[in-house]
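The chains referred to below are lettered A, B, ... by the order of the sequence lines, with proteins before strands, and numbering in each begins at 1.
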2 protein chains.
Amino acid sequence: MIRLLADPLRAQIVALLAEGPACTCHLVEDTGAKQPNISNHLRLLRDAGLVVSEPHGRFTYYRLVPEALEAAAGHLADMARLARARSEARRECP
Amino acid sequence: MIRLLADPLRAQIVALLAEGPACTCHLVEDTGAKQPNISNHLRLLRDAGLVVSEPHGRFTYYRLVPEALEAAAGHLADMARLARARSEARRECP
DNA sequence: TGCTGATATCACCGTCGCCTGATGTGATCA
DNA sequence: TGATCACATCAGGCGACGGTGATATCAGCA
């Protein structure tokens, strides 16, 4: 799921959605990317559960799912903690 | 920097290093990947400051930098917090 | 100092993912 | 109900990145 944040455009979309729910047209305007491109990225983000879509008439609003980001953050924090704890557990070469 | 964790092999290397410092031969053995491949990934991780290398004679030990992971985790957590706070700040379509 | 082993670097190739133009779908409005 | 708008989907081209074999570098050791 962190994999999805690798793409710069997708990361920008997530950052924009963090400021509040927005619809596709907002994201197209803010990023300068073409609409099909944004739609494709939103589809991937939705499939991964990072965002949810809320149809409002002709518009489709997208909302970030904080729990997904928190889960990823927790995973990284866990690894950091583990690395600190095992900092001196160097494996020996044969 | 999160971008680096997108690659599965690189993510595996980071996870292995979280269990304690290890040298290239350990990572080659544990991942099953070829040695030049591992070396390339380690180079990228080192350039990004995610790991540091500690030459020990013929061997080169790699150690995870917890601060780097914590910074990434903090970034994600910040966005999650922001998303919660702005959850109802929906932008209006023109 | 010549040899061996561990690691780094290089060049090349294949492939995967991103971007784009065209088109389809559904909802709103005249 | 036909037109228009917002959005989704599709198919194709293209570039970037990962994997691999060959080779270079360097440390330890006989």
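In this structure, Arg10(A) reaches the dC18(C) phosphate: one of its side-chain N or O atoms is under 4.0 Å from OP1 or OP2. In terms of phosphate contacts, Arg43(A) brings a side-chain nitrogen or oxygen within less than 4.0 Å of OP1 or OP2 of dT9(D). Phosphate contact (OP1/OP2 of dA8(C), side-chain N/O of Thr24(B), threshold under 4.0 Å): present. The side chain of Arg58(A) contributes no N or O atom lying less than 4.0 Å from OP1 or OP2 of dC7(D). Side-chain N/O atoms of Tyr61(B) include none lying less than 4.0 angstrom from OP1 or OP2 on dT7(C). The side chain of His41(B) places no N or O atom within less than 4.0 Å of a non-bridging phosphate oxygen (OP1 or OP2) of dC17(D). Listed pair Tyr62(B) / dA8(C) meets the phosphate criterion, a side-chain N or O lying under 4.0 Å from OP1 or OP2.
Comparing Cys23(B) and His56(A) along DNA chain C, the residue whose closest nucleotide (by nearest heavy atom) sits nearer the 5' end is Cys23(B). Annotation: of the two residues near DNA chain D, Leu9(B) and Cys93(B), the 5′-most nearest-nucleotide partner is Cys93(B).
Counting only distance, with no hydrogens or angles, the side chain of His26(A) and the backbone of Cys23(A) share a donor-acceptor pair below 3.5 Å.
Contact of Gln35(B) with dA6(C) (side chain to base): no donor-acceptor pair of N or O atoms is detected under 3.5 Å.
Minimum interatomic distance between Ala22(A) and Leu17(A) (heavy atoms only, all atoms of both residues): N-CD2, 3.9 Å.
Residue Leu4(B) contributes atom CG, which lies 12 Å from atom C1' of dC17(D) at whole-angstrom precision.
Of the charged side-chain nitrogens involved, at least one lies within less than 4.0 Å of a carboxylate oxygen, so that Arg84(A) and Glu67(B) count as a salt-bridged pair.
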